[in-house]
Amino acid sequence: MKVLITGANRGIGRALYDDYAARGDDVTGTTRSDPADGWLALDVTDPAAITAMADQLGDAPLDLLICNAGVYLDKGHTLGEGYGADLWADTFAANVTGVFLTIEALLPNLRAANGKVAIISSQMGSSERAGGNAFIYRASKAAALNLGRNLSVELSPDVAVGIYHPGWVQTDMGGDAAAITPEQSAAGLVQRFDALGPKTTGCFEMWNGEAMPY
């Protein structure tokens, strides 16, 4: 199986990369700088870089695209003292626009394989789990969820699209106090991605299979 993971150099993305490599899949990771052999350079906020990445893949069929690259730039900010317009623009460029442009650029590859798209969103994007603060991150992950749901309709039945909450993970973003390790999250997510198909397209699930509220 041919797999491409954006933002695969650390955290959940790296754990996913290692899992797919260990089971023998043909996996490619992307990173914003200094890609290793077999990796691709990609800044998802740069449309030209997305086009260049797609050109490198050529017409090779792609079974699974995992849109993992993302940012949490307003972590710790408080209302009235943060949330500048630049943070809104930079966050949406990575977490929403970058996801869409990456999927769009690789549609020929995905359609050639009747492939799948996995979008890493967050429970913080659920309108039913509003918790205040982190307004930019929450809004961007809500937009990623909405994007995935609409793409699942547009691309059905050729390409299945799932949206996933990876859990509260011990990464730079989640912090040391988080509940699970990147390896635990990745192991569950791989199972979710394996189960994704035409009958489950549009799903919003937690790493452990729990259905998430929209």
Side-chain angles (χ1 to χ4, degrees), residues 1-44 53 62-73 75-76 91 94-95 98-99 102-103 106 110 115-126 129 131 134 137-138 140-141 144-145 148 160-197 200 203-213:
M1 183 169 74
K2 176 64 177 176
V3 182
L4 190 148
I5 307 169
T6 66
N9 57 306
R10 62 182 179 176
I12 298 166
R14 184 59 200 236
L16 285 166
Y17 180 94
D18 290 343
D19 278 1
Y20 282 111
R23 76 178 198 179
D25 291 309
D26 179 7
V27 57
T28 299
T30 78
T31 178
R32 282 183 293 181
S33 61
D34 300 323
D37 289 342
W39 287 53
L40 295 176
L42 177 63
D43 179 350
V44 297
M53 179 271 299
L62 180 61
D63 297 289
L64 175 62
L65 168 63
I66 303 173
C67 294
N68 170 72
V71 296
Y72 186 178
L73 301 179
K75 185 176 182 179
T91 300
N95 295 359
V99 170
T102 300
I103 295 170
L106 296 177
L110 290 161
K116 311 176 189 182
V117 176
I119 298 173
I120 304 300
S121 181
S122 170
Q123 66 178 354
M124 293 172 72
S126 167
R129 294 197 175 186
Y137 183 76
R138 290 180 187 276
S140 72
K141 290 302 185 179
L145 169 58
V161 181
I163 309 97
Y164 302 91
H165 169 52
W168 184 24
V169 187
Q170 295 164 13
T171 62
D172 291 344
M173 189 178 293
D176 293 337
I180 60 173
T181 65
E183 291 74 23
Q184 288 172 307
S185 176
L189 288 170
V190 168
Q191 293 181 21
R192 306 281 74 74
F193 304 161
D194 284 345
L196 177 62
T200 57
C203 64
F204 183 29
E205 296 177 340
M206 191 179 286
W207 66 278
N208 61 5
E210 177 184 338
M212 298 292 295

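FYI, side chains are in, hydrogens and waters are out, and symmetry mates aren't considered; it's all heavy atoms of this structure. Starting from 1, each residue takes its place in the sequence as its number.
Across every non-hydrogen atom of Pro182 and Ala15, the tightest pair is O-CB, 3.5 Å. Of all the heavy atoms in Ser185 and Pro166, the pair that sits closest is OG-O, 2.7 Å. When all heavy atoms of Thr30 and Gly7 are compared, the pair lying nearest together is OG1-N, 3.1 Å. Residues Asp25 and Met1 share a closest heavy-atom pair of OD1-CB, 3.3 Å. Scanning both residues, Tyr164 and Ala118, for their nearest heavy atoms gives CE1-CB, 3.8 Å.
Applying the salt bridge (Lys or Arg N to Asp or Glu O under 4.0 Å) criterion to Arg129, with sequence neighbours excluded, gives Glu210. Residues that satisfy the side-chain contact (heavy atoms from CB on, under 4.5 Å) test with Thr181, not counting sequence neighbours, are Gln170, Glu183, Gln184. Not a single salt bridge (Lys or Arg N to Asp or Glu O under 4.0 Å) links Arg138 to another residue, sequence neighbours left out.
Applying the side-chain contact (heavy atoms from CB on, under 4.5 Å) test between Leu65 and each of Val99, Thr102, Ile119 identifies Thr102 as the sole match. If you run side-chain contact (heavy atoms from CB on, under 4.5 Å) between Cys67 and each of Ile103, Leu106, Ile5, only Ile103 comes through.
Arg14 places a side-chain heavy atom less than 4.5 Å from the side chain of Asp18. The side-chain heavy atoms of Asn68 and Tyr17, taken from C-beta on, include no pair separated by under 4.5 Å. You'll find the side chain of Ile120 stays beyond 4.5 Å of the side chain of Ile12, heavy atoms only. Between Leu16 and Phe193, some side-chain heavy-atom pair lies under the 4.5 Å cut-off. Contact of the Asn95 side chain with the Val71 side chain is registered, since non-hydrogen atoms from C-beta on lie closer than 4.5 Å. You'll find the side chain of Met212 stays beyond 4.5 Å of the side chain of Leu145, heavy atoms only.
Taking a cutoff of 4.0 Å between a charged side-chain nitrogen and a carboxylate oxygen, Asp19 and Arg23 do not qualify as a salt bridge.
Interatomic distance, CD1 of Ile163 versus CG of Leu196, reported as 9.0 Å (0.5 Å rounding). The distance from atom NZ of Lys2 to atom OG1 of Thr28, rounded to the nearest 0.5 Å, is 2.5 Å. Between the NZ atom in Lys116 and the CD1 atom in Ile66 there is a gap of 10.5 Å [rounded to 0.5 Å]. Taken from CE in Met124 to NE2 in His165, the straight-line distance is 9.5 Å, to the nearest 0.5 Å. In this structure, CD on Glu205 lies 10.0 Å from CG on Leu189, to the nearest 0.5 angstrom. Between the CZ atom in Phe204 and the CD atom in Gln123 there is a gap of 8.0 Å [rounded to 0.5 Å].
Ser121 contributes no side-chain N or O that, together with a main-chain N or O of Ala144, makes up a donor-acceptor pair within less than 3.5 Å.
Under the 30°/60° scheme for interplanar angles, the aromatic rings of Tyr137 and Tyr72 are found to lie parallel.
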